[in-house]
Protein chains: 2
Amino acid sequence: MSYQESLAALADPTRRQVFETLARAPGPVGQIAKSLPVSRPAVSQHLKVLSDAGLVVARQDGTRRIYSVDPKGLAELRRWLDGFWTDVMDRFASEINTLEPKDD
Amino acid sequence: MSYQESLAALADPTRRQVFETLARAPGPVGQIAKSLPVSRPAVSQHLKVLSDAGLVVARQDGTRRIYSVDPKGLAELRRWLDGFWTDVMDRFASEINTLEPKDD
DNA sequence: GCTTACCGTAAGTAATGTCTTACCAAGAAT
DNA sequence: ATTCTTGGTAAGACATTACTTACGGTAAGC
(Lines give C-alpha, C1' and ligand atoms only; values in the text may rest on other atoms or scores of the structure.)
Protein backbone atom coordinates (compact mmCIF):
# COMPACT_ATOMS: atom_id res chain seq x y z
CA MET A 1 0.00 0.00 0.00
CA SER A 2 2.87 2.34 -0.82
CA TYR A 3 4.29 3.62 -4.07
CA GLN A 4 7.34 1.45 -3.50
CA GLU A 5 5.16 -1.64 -3.45
CA SER A 6 3.31 -0.50 -6.55
CA LEU A 7 6.53 0.02 -8.46
CA ALA A 8 7.88 -3.37 -7.42
CA ALA A 9 4.58 -5.04 -8.30
CA LEU A 10 4.35 -3.48 -11.75
CA ALA A 11 8.00 -4.12 -12.60
CA ASP A 12 7.53 -7.79 -13.45
CA PRO A 13 6.34 -8.29 -17.07
CA THR A 14 3.87 -11.11 -16.53
CA ARG A 15 2.50 -9.52 -13.37
CA ARG A 16 2.01 -6.33 -15.32
CA GLN A 17 0.17 -8.35 -17.96
CA VAL A 18 -2.15 -9.67 -15.28
CA PHE A 19 -2.78 -6.13 -14.15
CA GLU A 20 -3.37 -4.77 -17.63
CA THR A 21 -5.69 -7.64 -18.41
CA LEU A 22 -7.77 -6.78 -15.36
CA ALA A 23 -7.80 -3.14 -16.42
CA ARG A 24 -9.48 -4.08 -19.69
CA ALA A 25 -12.04 -6.23 -17.90
CA PRO A 26 -12.41 -7.81 -14.44
CA GLY A 27 -12.40 -11.60 -14.33
CA PRO A 28 -11.78 -14.76 -12.32
CA VAL A 29 -8.32 -16.24 -11.78
CA GLY A 30 -8.69 -19.19 -14.15
CA GLN A 31 -9.74 -17.03 -17.06
CA ILE A 32 -6.72 -14.76 -16.65
CA ALA A 33 -4.41 -17.77 -16.41
CA LYS A 34 -5.76 -19.16 -19.67
CA SER A 35 -4.86 -15.96 -21.51
CA LEU A 36 -1.28 -16.03 -20.21
CA PRO A 37 1.68 -18.40 -20.70
CA VAL A 38 1.89 -19.29 -17.00
CA SER A 39 0.05 -21.64 -14.66
CA ARG A 40 -2.94 -20.69 -12.56
CA PRO A 41 -1.04 -20.78 -9.24
CA ALA A 42 1.49 -18.38 -10.71
CA VAL A 43 -1.36 -15.98 -11.48
CA SER A 44 -2.67 -16.42 -7.95
CA GLN A 45 0.72 -15.45 -6.57
CA HIS A 46 0.92 -12.40 -8.80
CA LEU A 47 -2.56 -11.37 -7.73
CA LYS A 48 -1.48 -11.58 -4.10
CA VAL A 49 1.38 -9.18 -4.75
CA LEU A 50 -0.88 -6.82 -6.68
CA SER A 51 -3.46 -7.04 -3.93
CA ASP A 52 -0.92 -6.28 -1.18
CA ALA A 53 0.11 -3.22 -3.18
CA GLY A 54 -3.48 -2.03 -3.34
CA LEU A 55 -3.58 -2.35 -7.10
CA VAL A 56 -6.38 -4.92 -7.34
CA VAL A 57 -9.31 -6.12 -5.25
CA ALA A 58 -11.32 -9.33 -5.33
CA ARG A 59 -14.98 -9.94 -4.76
CA GLN A 60 -16.17 -13.42 -3.96
CA ASP A 61 -18.72 -15.02 -6.30
CA GLY A 62 -19.46 -18.54 -5.14
CA THR A 63 -16.28 -20.50 -5.52
CA ARG A 64 -14.85 -17.92 -7.87
CA ARG A 65 -12.98 -14.73 -7.08
CA ILE A 66 -13.54 -11.88 -9.47
CA TYR A 67 -10.52 -9.58 -9.49
CA SER A 68 -10.59 -6.01 -10.68
CA VAL A 69 -8.31 -2.97 -10.61
CA ASP A 70 -8.30 -0.95 -7.40
CA PRO A 71 -7.78 2.75 -8.14
CA LYS A 72 -6.23 3.22 -4.71
CA GLY A 73 -2.77 1.87 -5.49
CA LEU A 74 -2.78 3.51 -8.89
CA ALA A 75 -3.69 6.85 -7.35
CA GLU A 76 -0.86 6.59 -4.85
CA LEU A 77 1.66 5.87 -7.57
CA ARG A 78 0.34 8.78 -9.59
CA ARG A 79 0.58 11.10 -6.61
CA TRP A 80 4.23 10.19 -6.05
CA LEU A 81 5.13 10.49 -9.70
CA ASP A 82 3.42 13.85 -10.12
CA GLY A 83 5.11 15.24 -7.02
CA PHE A 84 8.44 13.97 -8.23
CA TRP A 85 7.85 15.42 -11.66
CA THR A 86 7.10 18.94 -10.40
CA ASP A 87 10.13 18.77 -8.10
CA VAL A 88 12.40 17.89 -10.99
CA MET A 89 10.87 20.58 -13.15
CA ASP A 90 11.26 23.23 -10.46
CA ARG A 91 14.93 22.38 -10.11
CA PHE A 92 15.32 22.55 -13.85
CA ALA A 93 13.78 26.00 -13.95
CA SER A 94 15.92 27.37 -11.12
CA GLU A 95 18.98 25.78 -12.67
CA ILE A 96 18.34 27.65 -15.89
CA ASN A 97 17.82 30.88 -13.98
CA THR A 98 21.16 30.39 -12.26
CA LEU A 99 22.93 29.97 -15.57
CA GLU A 100 21.06 32.72 -17.38
CA PRO A 101 19.96 35.23 -14.78
CA LYS A 102 17.82 37.51 -16.93
CA ASP A 103 15.69 38.62 -13.99
CA ASP A 104 18.09 40.17 -11.50
CA MET B 1 13.57 3.96 -23.11
CA SER B 2 10.12 2.50 -22.44
CA TYR B 3 7.78 2.71 -19.50
CA GLN B 4 8.50 -0.97 -18.84
CA GLU B 5 12.18 -0.20 -18.40
CA SER B 6 11.41 2.76 -16.16
CA LEU B 7 9.20 0.66 -13.92
CA ALA B 8 11.82 -2.07 -13.66
CA ALA B 9 14.54 0.48 -12.99
CA LEU B 10 12.65 2.27 -10.23
CA ALA B 11 11.49 -0.94 -8.56
CA ASP B 12 14.81 -1.62 -6.80
CA PRO B 13 15.10 0.30 -3.50
CA THR B 14 18.75 1.28 -3.69
CA ARG B 15 18.50 2.15 -7.38
CA ARG B 16 15.54 4.34 -6.54
CA GLN B 17 17.67 5.98 -3.85
CA VAL B 18 20.31 6.73 -6.45
CA PHE B 19 17.65 8.28 -8.63
CA GLU B 20 16.09 10.32 -5.85
CA THR B 21 19.51 11.53 -4.78
CA LEU B 22 20.17 12.78 -8.30
CA ALA B 23 16.77 14.46 -8.31
CA ARG B 24 17.78 16.56 -5.31
CA ALA B 25 21.10 17.49 -6.91
CA PRO B 26 23.26 16.22 -9.78
CA GLY B 27 26.62 14.76 -8.85
CA PRO B 28 29.50 12.42 -9.72
CA VAL B 29 29.40 8.68 -9.11
CA GLY B 30 31.74 8.63 -6.15
CA GLN B 31 29.80 11.23 -4.23
CA ILE B 32 26.57 9.29 -4.63
CA ALA B 33 28.25 6.07 -3.56
CA LYS B 34 29.51 7.72 -0.38
CA SER B 35 25.96 8.66 0.62
CA LEU B 36 24.70 5.11 0.13
CA PRO B 37 25.43 1.76 1.85
CA VAL B 38 26.76 0.14 -1.35
CA SER B 39 30.04 0.18 -3.22
CA ARG B 40 30.88 2.53 -6.08
CA PRO B 41 30.72 -0.17 -8.77
CA ALA B 42 27.22 -1.04 -7.57
CA VAL B 43 26.22 2.58 -8.09
CA SER B 44 27.79 2.51 -11.54
CA GLN B 45 25.70 -0.51 -12.44
CA HIS B 46 22.54 1.12 -11.16
CA LEU B 47 23.33 4.23 -13.15
CA LYS B 48 23.67 2.14 -16.28
CA VAL B 49 20.19 0.70 -15.78
CA LEU B 50 18.76 4.14 -15.08
CA SER B 51 20.54 5.53 -18.10
CA ASP B 52 19.26 2.77 -20.40
CA ALA B 53 15.76 3.56 -19.18
CA GLY B 54 16.24 7.24 -20.07
CA LEU B 55 15.89 8.31 -16.46
CA VAL B 56 19.34 9.89 -16.08
CA VAL B 57 22.02 11.41 -18.29
CA ALA B 58 25.71 11.99 -17.72
CA ARG B 59 27.93 14.82 -18.78
CA GLN B 60 31.66 14.31 -18.80
CA ASP B 61 33.77 16.65 -16.69
CA GLY B 62 37.41 15.66 -16.99
CA THR B 63 37.70 12.26 -15.40
CA ARG B 64 34.40 12.64 -13.66
CA ARG B 65 30.89 11.98 -14.92
CA ILE B 66 28.20 14.24 -13.55
CA TYR B 67 24.88 12.44 -13.58
CA SER B 68 21.53 14.19 -13.47
CA VAL B 69 17.87 13.28 -13.92
CA ASP B 70 16.64 13.09 -17.50
CA PRO B 71 13.01 14.21 -17.71
CA LYS B 72 12.52 12.02 -20.77
CA GLY B 73 12.09 8.69 -19.00
CA LEU B 74 10.06 10.29 -16.25
CA ALA B 75 7.75 11.89 -18.82
CA GLU B 76 7.23 8.58 -20.56
CA LEU B 77 6.32 6.85 -17.32
CA ARG B 78 3.94 9.68 -16.49
CA ARG B 79 2.30 9.45 -19.91
CA TRP B 80 1.66 5.74 -19.51
CA LEU B 81 0.35 6.10 -15.98
CA ASP B 82 -1.98 8.97 -16.87
CA GLY B 83 -3.34 7.09 -19.88
CA PHE B 84 -3.87 4.03 -17.77
CA TRP B 85 -5.54 6.07 -15.07
CA THR B 86 -8.09 7.66 -17.39
CA ASP B 87 -8.80 4.26 -18.96
CA VAL B 88 -9.52 2.74 -15.58
CA MET B 89 -11.65 5.71 -14.60
CA ASP B 90 -13.66 5.56 -17.82
CA ARG B 91 -14.40 1.89 -17.24
CA PHE B 92 -15.41 2.68 -13.71
CA ALA B 93 -17.82 5.34 -14.88
CA SER B 94 -19.43 3.16 -17.53
CA GLU B 95 -19.62 0.28 -15.06
CA ILE B 96 -21.59 2.45 -12.67
CA ASN B 97 -23.87 3.58 -15.47
CA THR B 98 -24.55 -0.05 -16.37
CA LEU B 99 -25.54 -0.83 -12.80
CA GLU B 100 -27.50 2.36 -12.21
CA PRO B 101 -28.76 3.63 -15.54
CA LYS B 102 -30.24 6.93 -14.43
CA ASP B 103 -29.73 8.58 -17.79
CA ASP B 104 -31.84 6.49 -20.20
C1' DG C 1 -23.90 -37.51 -0.58
C1' DC C 2 -20.71 -37.52 -4.30
C1' DT C 3 -18.38 -35.42 -7.87
C1' DT C 4 -16.73 -31.46 -10.25
C1' DA C 5 -15.08 -26.67 -10.72
C1' DC C 6 -12.49 -23.12 -8.66
C1' DC C 7 -8.74 -21.21 -6.07
C1' DG C 8 -5.20 -20.35 -2.36
C1' DT C 9 -0.90 -22.16 -0.18
C1' DA C 10 3.34 -25.06 0.49
C1' DA C 11 7.66 -26.86 -1.12
C1' DG C 12 11.15 -27.18 -4.17
C1' DT C 13 13.61 -25.70 -8.40
C1' DA C 14 15.18 -22.65 -11.96
C1' DA C 15 16.16 -18.19 -13.39
C1' DT C 16 17.28 -13.12 -12.37
C1' DG C 17 19.25 -9.68 -10.19
C1' DT C 18 22.22 -7.37 -6.95
C1' DC C 19 26.39 -7.07 -4.68
C1' DT C 20 31.46 -7.57 -3.99
C1' DT C 21 36.52 -7.62 -5.31
C1' DA C 22 39.76 -7.21 -8.99
C1' DC C 23 41.21 -5.04 -13.00
C1' DC C 24 41.91 -1.52 -16.63
C1' DA C 25 41.64 3.04 -18.92
C1' DA C 26 41.81 8.10 -19.02
C1' DG C 27 42.43 12.66 -17.32
C1' DA C 28 44.52 15.79 -13.37
C1' DA C 29 48.09 17.09 -10.42
C1' DT C 30 52.62 17.41 -8.77
C1' DA D 1 56.94 11.19 -16.46
C1' DT D 2 54.88 9.32 -12.61
C1' DT D 3 51.27 9.30 -9.30
C1' DC D 4 46.57 9.97 -7.88
C1' DT D 5 41.77 10.42 -8.68
C1' DT D 6 37.72 8.88 -11.02
C1' DG D 7 34.81 5.52 -12.94
C1' DG D 8 33.32 1.72 -16.20
C1' DT D 9 33.44 -3.46 -16.80
C1' DA D 10 34.28 -8.58 -15.71
C1' DA D 11 33.70 -12.58 -12.88
C1' DG D 12 31.79 -14.86 -9.33
C1' DA D 13 29.15 -15.23 -4.80
C1' DC D 14 24.89 -14.57 -2.77
C1' DA D 15 20.02 -13.33 -2.34
C1' DT D 16 15.72 -12.68 -4.29
C1' DT D 17 12.15 -13.87 -7.18
C1' DA D 18 9.14 -16.34 -10.37
C1' DC D 19 7.64 -20.68 -11.74
C1' DT D 20 6.16 -25.57 -11.35
C1' DT D 21 3.64 -29.66 -9.24
C1' DA D 22 1.13 -31.34 -5.33
C1' DC D 23 -2.20 -30.67 -1.92
C1' DG D 24 -6.34 -29.07 0.74
C1' DG D 25 -10.58 -26.54 1.29
C1' DT D 26 -15.01 -24.50 -0.12
C1' DA D 27 -19.07 -23.94 -3.01
C1' DA D 28 -21.91 -25.51 -7.06
C1' DG D 29 -24.07 -29.25 -9.93
C1' DC D 30 -26.05 -33.62 -10.51
Side-chain angles (χ1 to χ4, degrees), chain A residues 1-22 25-70 73 77, chain B residues 1-22 25-70 73 77:
Chain A
M1 206 95 75
S2 60
Y3 75 93
Q4 291 99 335
E5 269 184 298
S6 293
L7 283 172
L10 293 175
D12 181 72
T14 65
R15 189 158 50 224
R16 193 170 48 242
Q17 270 195 289
V18 170
F19 184 63
E20 293 181 344
T21 300
L22 288 180
V29 180
Q31 179 181 309
I32 296 167
K34 264 182 280 182
S35 74
L36 294 179
V38 293
S39 68
R40 183 193 51 73
V43 173
S44 257
Q45 288 159 10
H46 284 309
L47 284 169
K48 168 147 182 51
V49 175
L50 290 170
S51 177
D52 286 349
L55 288 167
V56 303
V57 281
R59 102 182 126 76
Q60 198 81 23
D61 173 34
T63 168
R64 301 193 307 178
R65 313 198 77 209
I66 311 297
Y67 280 88
S68 55
V69 168
D70 185 355
L77 187 55
Chain B
M1 206 96 74
S2 60
Y3 76 92
Q4 290 99 333
E5 270 182 297
S6 293
L7 282 172
L10 294 174
D12 181 71
T14 64
R15 189 156 51 226
R16 193 170 48 242
Q17 270 195 289
V18 170
F19 185 62
E20 294 183 342
T21 300
L22 288 180
V29 179
Q31 177 181 311
I32 297 168
K34 265 181 279 181
S35 74
L36 294 179
V38 293
S39 69
R40 183 193 52 72
V43 173
S44 258
Q45 290 157 8
H46 283 309
L47 284 169
K48 169 147 183 50
V49 175
L50 290 170
S51 177
D52 286 349
L55 287 167
V56 303
V57 282
R59 103 182 127 74
Q60 198 81 24
D61 174 32
T63 170
R64 301 192 307 174
R65 314 198 75 208
I66 311 297
Y67 280 89
S68 54
V69 168
D70 185 355
L77 187 55

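We name chains A, B, ... by the order of the sequence lines, and we start the count at 1 in each one.
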Whole angstroms only, please: what is the [atom1]-[atom2] distance between [X] and [N]?
| X | N | atom1 | atom2 | value |
| --- | --- | --- | --- | --- |
| A:Gln17 | D:dC19 | CD | P | 10 Å |
| B:His46 | C:dG17 | NE2 | P | 13 Å |
| A:Gln60 | D:dG25 | CD | C1' | 12 Å |
| A:Gln31 | C:dC7 | CD | C1' | 14 Å |
| B:Asp12 | C:dC19 | CG | C1' | 10 Å |
| A:Arg16 | D:dA18 | CZ | C1' | 14 Å |
| A:Leu36 | D:dC19 | CG | C1' | 13 Å |
| B:Ile66 | C:dG27 | CD1 | P | 16 Å |

Touch class at under 4.0 angstrom, heavy-atom based, for A:Pro28 against every strand present: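 Result for A:Pro28 = sugar-phosphate.
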Touch class at under 4.0 angstrom, heavy-atom based, for A:Arg40 against every strand present: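 Base contact - A:Arg40 has a heavy atom under 4.0 Å of at least one base atom.
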Under 3.5 Å, side-chain donor or acceptor atoms of residues 40-49 of chain A against the rest of the protein: list the pairs with distances, not counting sequence neighbours.
residue	atom	partner	partner atom	Å
A:His46	ND1	A:Arg15	NH1	3.4
A:His46	NE2	A:Thr14	OG1	3.2
A:Lys48	NZ	A:Asp52	OD2	3.2

Side chain of [X] - closest among [options]:
| X | options | value |
| --- | --- | --- |
| B:Gln45 | D:dA18, C:dC19, D:dT6 | C:dC19 |
| B:Arg64 | D:dG7, D:dC19, C:dC7 | D:dG7 |
| B:Thr63 | C:dT9, C:dA28, D:dT20 | C:dA28 |

Most 5' of A:Gly62 and A:Arg15 on DNA chain D, judged by nearest nucleotide: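 Per heavy-atom nearest nucleotide, the more 5' residue is A:Arg15.
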Residue whose closest nucleotide on DNA chain D lies nearer the 5' end, A:Ala42 versus B:Tyr67: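 Going by which nucleotide is closer to the 5' end, it is B:Tyr67.
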Short side-chain N/O contact from A:Thr14 to OP1 or OP2 of D:dC19, under 4.0 Å: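 Yes.
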Any A:Ser39 side-chain nitrogen or oxygen under 4.0 Å from OP1 or OP2 of D:dT20: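 Yes, within the criterion.
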Rounded distance [0.5 Å steps], CG in B:Leu7 versus CG in A:Asp12: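 The CG atom of A:Asp12 is 11.0 Å from CG of B:Leu7, to the nearest 0.5 Å.
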Gap between atom OH of B:Tyr3 and atom CG of A:Leu10 - 0.5 Å precision: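 Reported to 0.5 Å precision, the distance equals 9.5 Å.
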Closest approach of B:Phe19 to B:Val56 (non-hydrogen atoms, all atoms of both residues):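 That closest heavy-atom pairing would be CD1-CG1, 3.9 Å.
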Beyond-backbone contact of B:Leu50 with B:Val18, side-chain heavy atoms, under 4.5 angstrom: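 A side-chain contact under 4.5 Å exists here.
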